[in-house]
Enquirer: 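The structure follows.
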There are 2 protein chains.
Amino acid sequence: MKHYTIKDIAKKLNVSVSTVSRAFNDKYDIKKETKALILKTAEEMGYMPNPIAKKLSQKRSLNIGVVVPEFINEYYSEIVIALQEFLILKGYQVLVMQSDENEDLELMNAQTLISNMVDGLIVAPTTGNRNMKYYQDRIKDGYPIVFLNRIEESVPVSKVVFNNLKWSFFATEHLIRQGYKKIYHLSGYKDLSVSYERVQGFKKAMNKHNFPKENYKIIETGLLAKEGMEVIEDLIFNHDIPDAFFCVNDMVALGAIKKLKENGYAVPKDVAFVGFTETRIAELMSPPLSSVKQPTYDMAKKAAELLLKRIEDENAPIETIVMNGEFNIRQSSVKNKAVL
Amino acid sequence: MKHYTIKDIAKKLNVSVSTVSRAFNDKYDIKKETKALILKTAEEMGYMPNPIAKKLSQKRSLNIGVVVPEFINEYYSEIVIALQEFLILKGYQVLVMQSDENEDLELMNAQTLISNMVDGLIVAPTTGNRNMKYYQDRIKDGYPIVFLNRIEESVPVSKVVFNNLKWSFFATEHLIRQGYKKIYHLSGYKDLSVSYERVQGFKKAMNKHNFPKENYKIIETGLLAKEGMEVIEDLIFNHDIPDAFFCVNDMVALGAIKKLKENGYAVPKDVAFVGFTETRIAELMSPPLSSVKQPTYDMAKKAAELLLKRIEDENAPIETIVMNGEFNIRQSSVKNKAVL
DNA sequence: TTGTAGGCGTTATCAC
DNA sequence: GTGATAACGCCTACAA
């Protein structure tokens, strides 16, 4: 099966290449019959337009690039699925690259996608932000980029973020109101904006309720179960187990709970837990884990909308959309109730 | 920041475009000083070669396309990460598209990637196989495609698969040897090749041990926790709970276990469990879940190697690589042991 | 309504 | 060693 081009079709039908080209791009006038004939023979020959050539000449690809920091934590998998679902309806294809939480790789990914002439980029940055200058330069060049999550509200770019502070505050306040007297926060990476914001929410709740300083603590972890386990090991070693934990995400909570159980602690009887960025396992855990659910699908959709707006209108204003979620209270953080 | 081309550099230095081009592709003769000068000024101007143009003229992109059926189940996330990790070392960029378990979307994805001139394609097919003809035509055209998982061994294409039958057999036999007398298999989708093969392994073990037909059953589910839960609800309704389950994957096991616990069953005391395609949560569950671990990283790497071999040598033979895994026995399927 | 011709940014084949 | 110049496949003035 040879790879046919418009030339081949043109030759076969004794018309010019431009006529053939026009048959495929209906913004030009062309006689109905010619067009029909061309399309028909093209179909028969199994002609497929070459998007590379198209891109080279018209600088538009109908492809959107997506860069995510990882996708082992379910959140970004859902984001990608949602982005794709939405953008396909709008006629775009979605190319995904993941950065493995590595800034250099992230930069390479973005460059690859841009040089492949994707019409725009949706970026969920990794920790650290050495690359922001690169992005801002591209944006200055007129390149449409929208950020998703993990970026500080103050950065002057279009973005969709979650109100981490607010919901972290609610989650913490819930623990306080349940009557827990010693509450630790397992906080994720220090230089990850979402972690930072959740820490702020935690502190804000503590301050509001005049929680004694010696009764709360912020402990840096990563984002994985393993790291939750490690922290608990340390705390057990130091005989420093509080009566409640608020965790940066569900996986850290899961790891921590496992390690506590192994050491004879009961959840929530001895130690209560709240997670964040709810995943499917929250409900499935024993006990089911209270967690803050982010509107993943909507966040992705909003980001895609922002991007399309910007692609269609060079001068679309910079926008920051802050999303809210919901706090699902389950057995892991409820006092005075029998475990079902 | 303007987008410079080799023309701009050529003009600036009063050399021809070919000289500039040669400076970047060191297979041609060119005076050392000219080359140095060109590279230096290019650097200063912030010149970036345009890969689209490059692709158009030399039909090679150093991009590899990857099509996965989903990536919410961790397995494919790991596959993608591993593929990327390996291929980047070889100088390739990895573009990922996911099909959401939808055959039509899968076809679109493959077409998009191919028409973007990726040098080769690694495909983990969705359920169903209407697209195989398309792939085989492309392969006949000389296009390098390697399949990963979820494809029958008999299909004459290069592929890396897991020996589902063998390990399913082992897992089942383990349950039999532990002395469980009534064993059900929650089997995933009927028309998914990996499910089918696991069913075969299950049956083979039953036959080998002359397990009474009335004491085992194969129940079709999906691949999600929810579906595990639904099946258990039905079984409870029918008072038909066996003393052991072998599940198509960990998520189904997780859902099933949760539902059983809610209904007062203890695991593994009342009902034992074995999962498959071990995920990180297997270890973290209570009780920890016995499961068959697939060599995800190696499978990805092998697939990438096959593909590169094929890209570099048009006539590389079709190869099928069948991988083995390991069976990790944990508390969920061990009899006569106190739950820790 | 259609054709001609130049351009998109590179590479590759000739000459010189 | 280097420079013209023709590809690669498509789009798009401009002319006819």
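Please read these numbers as outputs of a predicted model, since none were measured by experiment.
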Enquirer: Considering only NZ, NE, NH1 and NH2 on the basic side and carboxylate oxygens on the acidic side, decide whether A:Asp141 and A:Arg138 come within less than 4.0 Å.
Expert: yes
Enquirer: A:Glu103: what forms a salt bridge (charged side-chain N to carboxylate O under 4.0 Å, His left out) with it, not counting sequence neighbours?
Expert: A:Arg130
Enquirer: Once side-chain hydrogen bond (donor to acceptor under 3.5 Å, both in side chains) is applied, do any residues pair with B:Ser57, and if so which ones, sequence neighbours excluded?
Expert: none
Enquirer: Enumerate the residue pairs fulfilling side chain to side chain donor-acceptor pair (under 3.5 Å) with a member in residues 113-122 of chain B, sequence neighbours excluded, ordered by first and then second residue.
Expert: A:Lys55-B:Asn116, A:Asn63-B:Asn116, B:Ser61-B:Asp119
Enquirer: Closer than 4.0 Å, any side-chain N/O of B:Ser16 to the OP1 or OP2 of D:dA4?
Expert: no
Enquirer: Taking only residues two or more places apart in sequence, or in another chain, which ones meet A:Glu101 in a salt bridge (charged side-chain N to carboxylate O under 4.0 Å, His left out)?
Expert: A:Arg150
Enquirer: Regarding B:Glu305 and B:Lys309, does a basic nitrogen lie under 4.0 Å from an acidic carboxylate oxygen?
Expert: no
Enquirer: Give me the first and last nucleotide of DNA chain C, going 5' to 3', that has any atom under 4.0 Å from a heavy atom of chain B.
Expert: C:dC8 to C:dT13
Enquirer: Please produce a list of atom pairs where a protein N or O lies less than 3.5 Å from an N or O of nucleotides 5-9 of chain D.
Expert:
unit_1 : atom_1 : unit_2  : atom_2 : d
D:dC8  : O2     : B:Ser57 : N      : 3.4
D:dG9  : OP1    : B:Lys59 : NZ     : 3.4
D:dG9  : N2     : A:Ala53 : O      : 3.4

Enquirer: For the helix from C:dT1-D:dA16 to C:dC16-D:dG1, what angle lies between the axis at the first five pairs and the axis at the last five pairs, to 10 degrees?
Expert: 40°
Enquirer: If a pair satisfies ring-ring contact (aromatic ring centres under 6.0 Å, His included) and one of its residues is in residues 48-103 of chain B, list it, with sequence neighbours excluded.
Expert: A:Phe71-B:Phe71
Enquirer: Once salt bridge (charged side-chain N to carboxylate O under 4.0 Å, His left out) is applied, do any residues pair with B:Lys133, and if so which ones, sequence neighbours excluded?
Expert: B:Asp137
Enquirer: Who are the salt bridge (charged side-chain N to carboxylate O under 4.0 Å, His left out) partners of B:Glu312, not counting sequence neighbours?
Expert: none
Enquirer: Using heavy-atom distances to pick each residue's nearest nucleotide on DNA chain D, tell me which of A:Pro51 and B:Thr19 is more 5'.
Expert: B:Thr19
Enquirer: Can you tabulate the close N/O pairs, meaning under 3.5 Å, that link protein atoms to atoms of nucleotides 14-16 of chain D?
Expert:
none

Enquirer: Can a side-chain donor-acceptor contact be found between A:Ser16 and A:Thr19 if the only test is distance below 3.5 angstrom?
Expert: yes
Enquirer: Expressed as a whole number of angstroms, how long is the span from A:Phe24:CZ to D:dC10:P?
Expert: 9 Å
Enquirer: Side chains of B:Met323 and B:Val160, heavy atoms from C-beta outward: is any pair under 4.5 Å?
Expert: yes
Enquirer: Can you say whether the rings of A:Phe147 and A:Tyr135 are parallel (under 30°), tilted (30 to 60°) or perpendicular (over 60°)?
Expert: perpendicular
Enquirer: Name all residues meeting the ring-ring contact (aromatic ring centres under 6.0 Å, His included) criterion together with B:Tyr196; count only those two or more places apart in sequence or in a different chain, and write none if there are none.
Expert: none
